[in-house]
Amino acid sequence: MIARPASRRLAARTRAGFTLIEVLVVVSIIVILASVATFAAVSYLSGAKIDQATLQATNIQKAATAYFVKSGVWPDSLQQLVMRDPNSGAGPLLEGGESALLDPWQNPFQFEVMPDQTGTERFVVFTQSPEGQRIQWPRQ
């Protein structure tokens, strides 16, 4: 049997795995990268919800304008936009039912009829994000 020198056996045994410090450094780097990725994903989703609310407000405003063109008056409530016309039997002006009137945070959209710079009435649809940002269409 050939015996290796003791110093070679000791060196081979100590390099067989990772040290605790190396493992902790790798784990901390992974944790930092995961937290950065999580922050970016949450920020992206928040922006997407704001974009979705703007698009929904646009659709509601267009349906209200179609209601105005058809009847000559603005709707009294947003529910009138998702109901069938009792006189003509025509379908709703806004598809999606009652859920189309809820913003991405499940709050109902609101509206107001206000005059613009020329004195003409305009229908403004708005909601508020959880961060307090007012989202409306048409934009001011």
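Position 1 is the first residue of the sequence; numbering continues from there.
- Rounded to the nearest 0.5 Å, atoms CG (Leu78) and CE (Met83) are 11.5 Å apart.
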> How far apart are the C-alpha atoms of Met114 and Arg122, what are their side-chain angles, what is the distance that settles it, and do they pass the side chain to side chain contact (heavy atoms under 4.5 Å, CB included) test?
Replying inline: CA-CA 5 Å; Met114 56 192 311; Arg122 67 181 195 155; 4.2 Å; yes

>> Determine whether Tyr67 and Leu81 satisfy the following criterion, side chain to side chain contact (heavy atoms under 4.5 Å, CB included), listing intermediate values before the conclusion.
In response: CA-CA 7 Å; Tyr67 184 95; Leu81 302 175; 3.9 Å; yes

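- Pairs of residues two or more places apart, or lying in two chains, that qualify as salt bridge (charged side-chain N to carboxylate O under 4.0 Å, His left out) and include a residue from residues 65-75 are Lys70-Asp85.
- Under the 4.5 Å side-chain contact rule for hydrophobic residues, Phe111 and Ile135 do not share a cluster.
- Trp74 and Trp137 fall into different hydrophobic clusters, where Ile, Leu, Val, Met, Phe, Trp and Tyr residues are linked whenever their side-chain heavy atoms come under 4.5 Å apart, directly or through other members.
- A donor-acceptor pair is defined here as one N or O able to donate and one able to accept, closer than 3.5 Å; no such pair exists between the side chain of Gln117 and the backbone of Gly119.
- Rounding to the nearest 0.5 Å gives a distance of 7.0 Å between CD of Glu131 and CH2 of Trp105.
- If you chain together hydrophobic residues whose side chains sit under 4.5 Å apart, Phe126 and Val113 never meet in one group.
- One distance of note links CD of Gln79 with CG of Leu94; it measures 11.0 Å at 0.5 Å rounding.
- Aromatic pair Phe123/Phe68: ring centres not closer than 6.0 Å.
- Looking at heavy atoms from C-beta onward, Pro115 lies out of side-chain contact with Thr120 at the 4.5 angstrom threshold.
- Closest of all the heavy-atom pairs between Gln128 and Asn107 is O-ND2, 4.4 Å.
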Taking only distance into account, with no hydrogens and no angle test, what donor-acceptor pairs under 3.5 Å do side-chain atoms of residues 53-66 form with protein atoms, sequence neighbours excluded?
unit_1 : atom_1 : unit_2 : atom_2 : d
Thr54  : OG1    : Ile50  : O      : 3.0
Gln56  : NE2    : Leu102 : O      : 2.9
Thr58  : OG1    : Thr54  : O      : 2.8
Gln61  : NE2    : Thr65  : OG1    : 3.4
Thr65  : OG1    : Gln61  : O      : 2.9

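- Glu95 and Arg84 are not joined by a salt bridge, as no carboxylate oxygen comes within less than 4.0 angstrom of a charged side-chain nitrogen.
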Output side-chain donor-acceptor pairs under 3.5 Å for residues 26-41, partner residues at least two apart or in another chain, one line each.
unit_1 : atom_1 : unit_2 : atom_2 : d
Ser28  : OG     : Leu24  : O      : 3.2
Ser28  : OG     : Val25  : O      : 2.8
Ser35  : OG     : Val31  : O      : 3.4
Ser35  : OG     : Ile32  : O      : 2.8
Thr38  : OG1    : Ala34  : O      : 2.8

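- How far OG1 of Thr127 is from CG of Leu101: 11.5 Å, rounded to the nearest 0.5 Å.
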